[in-house]
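This report refers to the structure that appears directly beneath it.
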Amino acid sequence: MSFAATVLTLYPAMFPGPLGMALAGRALGDKWTLDVRDIRDSATDRHRSVDDTPAGGGPGMVMRADVLARAVDSAGGAGPRLLMSPRGRPFDQTLARDLAAGPGVTIVCGRFEGVDERVIERRGLIEVSIGDYILSGGEIGALAVLDAVVRLLPGVMGNATSADEESFSDGLLEHPQYTRPAEWEGAPIPPVLMSGDHGKISAWRRDARLRLTAARRPDLFERRIPGEPVR
């Protein structure tokens with residue numbers, strides 16, 4: 001059974017976009033499906049209005065609960081319902097793996113100043129953020145989430161072990177990678193990687209991951225295996 005992704009957006013032409021290329025694109029229609037719905041199709045007036053002014057005043061506009069709820073209800077969709085939102089829980093590799101293990105996901109792309117809180121509560125939307133910055137809407141976030149999830153689906157990556165040592169697979173950043181030529185601009189590939197000693201190579205990579213994580217992501221480093229030294 002393929003993974004079913006449903007996206008609710010005001011800009012359906014943005015999809016599949018990059019999801020129609022490379023790994024995700026090759027798997028589309030086989031390992032996963034994508035149903036893109038235009039939220040304006042659930043509006044009831046001749047202007048296809050989806051937003052209104054904020055209650056209590058303030059700048060901008062807010063997406064209406066009644067219109068968005070109809071869009072969510074009519075879409076159906078498998079799996080949890082996510083709302084791309086800067087105030088949501090951070091999207092990470094753990095969540096990507098959890099979603100990939102399920103039947104699918106429905107993603108609502110917010111716009112304007114936000115979404116009426118009542119539809120978030122009544123339709124059980126889970127707010128998710130891809131970073132501490134503001135985008136024009138949730139579409140780019142939805143693309144990022146789906147790309148991260150789809151590549152983890154069984155059979156999408158050519159090598160089933162490709163994700164085992166990637167950044168965040170076990171809470172650490174990935175080790176440096178090298179390939180031919182053996183020496184480039186006076187810089188050689190670390191000799192241990194050319195030694196053929198898989199035990200030493202594994203230890204070198206683990207140490208490199210720990211050093212990189214300590215330097216670049218101390219927050220992740222603090223959550224590493226307790227007591228594991230950095231050499």
Side-chain angles (χ1 to χ4, degrees), residues 1-3 5 15-34 89-102 104-105 107 128-133 135 140-231:
M1 181 178 295
S2 62
F3 181 89
F15 296 87
L19 296 175
M21 305 174 188
L23 283 176
R26 289 194 293 270
L28 185 57
D30 179 21
K31 306 298 183 182
W32 72 293
T33 60
L34 177 62
R89 63 159 286 186
F91 180 73
D92 56 20
Q93 193 70 3
T94 298
L95 181 52
R97 288 187 180 278
D98 289 345
L99 292 172
V105 64
I107 303 181
V128 173
S129 169
I130 62 166
D132 295 338
Y133 44 84
L135 298 171
I140 291 175
L143 290 167
V145 167
L146 289 176
D147 184 81
V149 171
V150 167
R151 64 191 303 276
L152 297 176
L153 299 177
V156 172
M157 283 191 284
N159 185 344
T161 63
S162 293
D164 291 348
E165 291 187 349
E166 290 183 325
S167 292
F168 315 116
S169 61
D170 60 357
L172 299 176
L173 301 182
E174 188 174 6
H175 55 76
Q177 298 282 6
Y178 299 87
T179 189
R180 291 176 291 186
E183 184 173 322
W184 177 73
E185 293 191 350
I189 293 175
V192 65
L193 299 180
M194 309 293 284
S195 69
D197 188 324
H198 296 293
K200 289 182 179 180
I201 292 171
S202 179
W204 182 91
R205 285 175 170 169
R206 183 69 182 180
D207 287 345
R209 299 183 75 206
L210 285 165
R211 289 195 302 272
L212 276 173
T213 306
R216 300 181 184 181
R217 290 293 303 274
D219 57 318
L220 295 176
F221 183 75
E222 291 301 320
R223 300 199 294 269
R224 73 192 191 285
I225 299 173
E228 186 169 9
V230 178
R231 291 187 285 265

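As a basis for the values below, the full set of heavy atoms in this structure was taken, side chains included, without hydrogen atoms, waters or symmetry mates.
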Margin query: Considering only residues two or more places apart or on different chains, which pairs with a residue in residues 177-199 satisfy side chain to side chain donor-acceptor pair (under 3.5 Å)?
Written below: E174-Q177
If you take all heavy atoms of [X] and [Y], which pair is closest and at what distance?
X    : Y    : result
P176 : A208 : CD-CB, 3.7 Å
I189 : P181 : CD1-O, 4.0 Å
A142 : I107 : CB-CG2, 3.7 Å
P154 : K31  : O-CD, 3.8 Å
L28  : P16  : CD2-CB, 4.5 Å
V128 : L95  : CG2-CD2, 4.2 Å

Margin query: Working note: V145 + V105, criterion side chain to side chain contact (heavy atoms under 4.5 Å, CB included); need CA distance, chi angles, decisive distance, verdict.
Written below: CA-CA 10 Å; V145 167; V105 64; 5.7 Å; no
Just verifying a value: how many Å separate [X] [atom1] and [Y] [atom2], rounded to the nearest 0.5 Å?
X    : Y    : atom1 : atom2 : answer
L212 : D207 : CG    : CG    : 11.0 Å
S2   : L34  : OG    : CG    : 11.0 Å
D98  : Q93  : CG    : CD    : 10.5 Å
D219 : T213 : CG    : OG1   : 9.5 Å
L23  : L153 : CG    : CG    : 11.0 Å
I201 : M194 : CD1   : CE    : 9.5 Å

Note to self: Run V149 and W32 through side chain to side chain contact (heavy atoms under 4.5 Å, CB included) and show every step you take.
What the structure shows: CA-CA 10 Å; V149 171; W32 72 293; over 6 Å; no
Item checked: Residue pair L99, F91: steps toward the side chain to side chain contact (heavy atoms under 4.5 Å, CB included) verdict -> CA-CA 11 Å; L99 292 172; F91 180 73; 4.2 Å; yes
Checklist line | R209 side chain vs L173 backbone, donor-acceptor pair below 3.5 Å | finding: yes
Margin query: With side chain to side chain contact (heavy atoms under 4.5 Å, CB included) as the criterion, how do L172 and L220 come out once you've worked through the C-alpha distance, each side chain's angles and the decisive distance to 0.1 Å?
Written below: CA-CA 7 Å; L172 299 176; L220 295 176; 5.8 Å; no
